[in-house]
**Student:** 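Have a look at this one.
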Amino acid sequence: MVLSVAESSYIYDSLTSSNSSRIDARKANQYRPLNANCGFLPNSNGSSRIYNADGIEIITSVKAKVVRTERIADLINVDIDIHGEKDNTTLCQQLTTLIKASIMDSFQFDLLKLTGKYYFQLFIDVSILYLPEDFSASSYTLYSLLSLISMNVYISLKSTKLPFLISSKDDFDVEEEPTFSDDWELSKFLIPQDSKNTFQPPLIFVVGTAGEKAIIDPSLEEEEILEHGICLTWSNSKVTTPIQSLTLSTNNTKALKLSLISEAIKLVKNVAPDVISALDTIASQESDDFNNGF
Amino acid sequence: MSHQELLSPEGFRYDGRRCNEQRNFNLELNTHPHAADGSAICSMGNTKVLSLLRGPTDSNDSGLSLSVSIIQPPYAKSDRVQVSKNDRRFAELSLMVQRTLLQSIVQKAYPRTNINIKLTILSADGSILAACVNSATAALVDAGIALYDTVTAITVGIHDISPLIDCNAIEEIDLPYLTIGTISNSKINLLLMESKTPLDKLQKMINLGTEGCIQIRNQLDIAIRKSAIKH
């Protein structure tokens, strides 16, 4: 997206003025409308789909496999595929690493422990099926998808169900492969829904800064004038790592003021509980019929 | 899976269907109004194919150029498998879908035009080619492309002497099967068979397949009418 000098200075000035306003009349902590649903892929343990009015469409699937391993790092695999991009581009790899790092940092690995020897290995596959034309102009803008991807991963992890183990949990003495009940009604959620104190998947928020202002979920036009982008992770009701600076555009980049980081953290603390409760509602609306997803 | 279990002596298939019973067929049009000019999702049992159509747009070629691409994400099958983007099998399948659809489009109405169809196999459980054709046809209808008629497709397998309609993945592994696509109720537009079968059984399979295609066509018709009322 190319903005004229007049356009960009209008957007910048109205954002940074004392009576700050965004061009789409959103508040600083307001998201654009999103739609999401979950549990529509019959061959996956968990699945979710998120889309917005621009036509951005992201589908995530979580698949579990029984493995015998000692290496915790192998248990979570993330793969991101972007429509029109090669798999091995820096962008894809960076997004993958960020999402994977955010999950690994806070994951409660005993949820994946099946028996003494066996673990569940999770494969999280994200495919971005469609991106509007405007996105193809600059790959930097794609970093703003980070928060959408992480929301999508959140919903699918929350809706992931694992089969019920019927063989014994302690298999150190007897050589036994884990066996599962055929009845899918008995399946359990990977992340128990009722208890409050278990682990919650992390969410990544993208905050843009201009002047003294921090805004959440910057739109494409806003990204053009932003001086800096910060991504923050929210996990288990607090802001955690990875916290990273993002280049959302190359036009107007300046050095990041330290005070803006705390401003961004404040903003995320403000919106995160609402986002979490909205996503939890979606994840708990289980669809029994696989045809309902679309 | 032994050969016997695929069809019990009582005439029930592995998943409890009769020989001439299709899986649950569901077709939805205009699922992605913002992302594409025409979109549809077709599910036949656990097979789910999403098609996004972009076009008609300008092109430099003299006639109509229809490009079809099939993508299978790693999570489509029950075991996770990575399929490379230039996989030969999918390139072949997309060529077949493209040829089948080209015959049904009123080509003289689209000179110097580009139509781009992207098929994503969200979940694969047999009958992939058939589901791709059905889904792409629905997307063409949704985009308002002029068609002579709709093409619908289905697979037919053969177990000894009994033909089985709409095979799932387990049946496709062990049984010879063909994919048949028809236009205007009985004209065969697509016929693909990659395994060996005695010649005398072929007619039986084609007959059942044509019948199945008519069934699917009726369901496609209902789906089109439903989406027309909604929008």
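In what follows, chains carry the letters A, B, and so on, assigned in the order in which the sequence lines appear, proteins first and then strands, with residues in each chain numbered from 1.
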**Student:** Does the side chain of B:Gln82 reach to within under 4.5 Å of the side chain of A:Asp79, using non-hydrogen atoms?
**Tutor:** yes
**Student:** Heavy-atom cut-off 4.5 Å, strictly under: side chain, backbone, both or neither for A:Ile56 against chain B?
**Tutor:** neither
**Student:** For A:Asp183, look at atom CG and say whether over 12 heavy atoms of other residues, nucleotides or ligands are found less than 6.0 Å away.
**Tutor:** yes
**Student:** When rounded to the nearest 0.5 angstrom, what distance separates OG1 in B:Thr120 from CD in A:Glu57?
**Tutor:** 9.0 Å
**Student:** Using a 4.5 Å cut-off on heavy atoms from C-beta on, say whether the side chain of A:Ile59 contacts that of B:Tyr75.
**Tutor:** yes
**Student:** Enter the distance from A:Leu41:CG to B:Ser123:OG here, rounded to the nearest 0.5 Å.
**Tutor:** 6.5 Å
**Student:** Could you tell me whether the side chain of A:Lys63 and the main chain of B:Ser78 form a donor-acceptor pair under 3.5 Å?
**Tutor:** yes
**Student:** Taking all non-hydrogen atoms of both residues into account, name the closest pair between B:Leu52 and A:Leu129 and its distance.
**Tutor:** CD1-O, 4.5 Å
**Student:** Atom CZ in A:Arg49, atom CG in B:Leu122: separation rounded to 0.5 Å?
**Tutor:** 9.5 Å
**Student:** Considering residues, nucleotides and ligands other than B:Arg89, do more than 12 of their heavy atoms fall under 6.0 Å from its CZ?
**Tutor:** no
**Student:** Got more than 12 heavy atoms from elsewhere within 6.0 Å of CG, B:Asp79?
**Tutor:** no
**Student:** Can you tell which of A:Ser44, A:Ser47, A:Ala53 has the highest number of heavy-atom pairs within less than 4.5 Å of chain B?
**Tutor:** A:Ala53
**Student:** Below 4.5 Å, heavy-atom pairs only: which of B:Pro74, B:Ala36, B:Pro73, B:Ala124 has the largest tally toward chain A?
**Tutor:** B:Pro74
**Student:** In Å and rounded to the nearest 0.5 Å, what is the CD1 to CZ distance from B:Ile41 to A:Phe40?
**Tutor:** 8.0 Å
**Student:** Counting neighbours of CG on B:Asp58 that are heavy atoms of other residues, nucleotides or ligands and sit closer than 6.0 Å, is the number greater than 12?
**Tutor:** no
**Student:** Mind ranking B:Lys77, B:Arg80, B:Lys118 by heavy-atom pairs under 4.5 Å with chain A and telling me who comes out on top?
**Tutor:** B:Arg80
**Student:** Which answer fits B:Ala76, side chain, backbone, both or neither, if we ask what part of it has an atom under 4.5 Å from a heavy atom of chain A?
**Tutor:** backbone
**Student:** With only heavy atoms counted, which part of A:Asp125 is less than 4.5 Å from chain B, the side chain, the backbone, both or neither?
**Tutor:** both
